[in-house]
Amino acid sequence: MSKSDTILKLLQGCNSLQRLQKIHAHVITNGLQHHPAISTKLVHFCAVSVSGSLSYAQLLFHHIDNPQTQAWNSIIRGFANSPSPLQSILYYNDMFSSSVSRPDNFTFSFVLKACERVKAENKCREVHGTIIRCGYERDVVVCTNLVRSYVGNGFIGVAKKVFDDMSERDLVSWNSMISCYSQAGFHYEALKVYDEMKNENVGLDGFTLVGLLSSCAHVGALNVGVNLHRIACEEGFVKNVYVGNALIDMYAKCGCLDDAFCVFDSMQKQDVFTWNSMIVGYGVHGHGDGAISFFRQMLMAGVQPNSITFLGLLCGCSHQGLVEEGVEYFHMMNTKFNMKPGIKHYGCMVDLFGRAGKLEKALDMIGTSPSQDDPVLWRTLLGSCKIHKNVKIGEIAMRNLVQLGASNAGDYILLAAIYAGVKDTDGIAKMRKLIKSQGIKTSPGWSWIEVGDQIHKFVVDDKSHPDFFEIYHKLREVINQAALLGYVPEESLISVAGLITEECLETSTSYHSEKLAIAFGLARTPKGTSIRIVKNLRVCKDCHSFTKYVSKAFNREIIVRDRVRFHHFKGGVCSCKDYW
DNA sequence: TTGCTCAGAA
């Protein structure tokens, strides 16, 4: 066996950096440092292996006279997955300007990963052009990476076009499209991709299920989620811990804590994600005690909590008014678990004190937080001032938001509602004028409803639904039925001292998105079944009252998940006891 | 030597 063959063999069995350095020394003493296959292997090991070292890979790489494509690929790949992915793009540029070696399908896949991670949108487009010029636009892996890179850079439409134009799409391509949509917040689109996927006979796996379940959780698509759960059982994916965790999250976010627990209980292995999904689930439902109980069990099971565990706990304490417990866990982070509370934990504490009416303490909390420049903290405080009708601190919060240049329509509406709460008509007029004169934009309100396995989305005064004529007809009938039981529509916004939402600003008519969704639900679902609505904004006072009457008039349970919490309407009353 | 997965207050 020749010396170079011996060294190549040694390299194959190499499993640590120290061992590699010894082999490297051996390479040098034998004068083989310019042997192409050896130097390429050395660089590959250092750049890609978990026990490698990128800086050592760089050192080796710069000693190669004319690095071959494979060596370039290793260094580009290594940096693409490293904490400094920009380096990967710089090496890619170098390859074009200073090397005779040409990029191949691997090079493009790796550099696209780097573009995705550093948000290099222009580079992503440029690489796309090069891919076409070099004739790799039919490579399924390259195109899948291109889709991911475009989504990661915010070009959702371009990504979908690349995906649609792919000559071949395998299961990973479909999974990537779904998970990209899901992670970018395009949940409705993610579920639509699944509909397309079903016609293509590519099957599905754990990755598919996790992406889809995550989108179901976000939009509250329980029927689709339950269907996926059934498929997961049939196809043997329920043992996959990622799938189990995604199922727990889906059930919890759809308001079915019992089903979430069933999944939790049936899992053979529970990791920190599993426990967190339960704790957060109980937390967002306002069951602080449930979250605490799971937290204790988690510690007994020997699972180490992390920062999200505490967010779930603090959120639960805040919604249930468990101030003392919340304070205890906030301190415990530092004293017992050596974790520094982040800005989001401070946000929970501001909410905890604020909700409980301890507004001065909430204000102090912002003072001690790592950043007083975070608009979210001040906005949380403003929300608490609305609940407790505190004009003084409300104005302080607003002043800070304005100074930070972060005030939005929602904030002015909150302050207007605070003025309305104390019947300060001048204050209300001031807010109304500000909103009008500054042309402050509201975020558009929408409501989803799931009927069968389809999701129907409505906006205020929506006329885009193919059956809108029928829906409006039904809504008028529903309003009449509700009126027979005593429902009186609230006339206009700010003049009433009630809950005013952004949606109220958009229109003065009574056709808010959730009313349309409710009318549609009544028309399209069997009598006696529950109707589930998901909203992106808070429920307004008028819609809340309307939904109570509808639940009684039509003998239906109506479950509304708004931006902050769940409302379960049944027999004319709501689970929030009109306090939200 | 390529590509895809789970948790968060307001």
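Just so it is clear: chains get the letters A, B, ... in the order the sequence lines come, proteins before strands, and each one is counted from 1.
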List the residues meeting side-chain hydrogen bond (donor to acceptor under 3.5 Å, both in side chains) with S179(A), not counting sequence neighbours, and say none if there are none. R148(A)
Among residues at least two apart in sequence or on other chains, which ones pass side-chain hydrogen bond (donor to acceptor under 3.5 Å, both in side chains) with D205(A)? N175(A), T208(A)
Treating primed atoms plus P, OP1 and OP2 as sugar-phosphate and everything else as base, which nucleotides of nucleotides 3-10 of chain B get B, S or - for protein heavy atoms under 4.0 Å? BBBBBBBB
Are Q320(A) and Y282(A) linked by a side-chain donor-acceptor pair shorter than 3.5 Å? no
Whole-Å gap separating C1' (dT1(B)) and CD1 (I76(A)): 12 Å
Using a strict 4.0 Å threshold on nitrogen-to-oxygen distance, state whether E395(A) and R399(A) make a salt bridge. no
Could you give me the CA-CA distance, side-chain angles and deciding distance for Y346(A) and F330(A), then say whether ring-ring contact (aromatic ring centres under 6.0 Å, His included) is met? CA-CA 9 Å; Y346(A) 278 88; F330(A) 183 73; 5.3 Å; yes
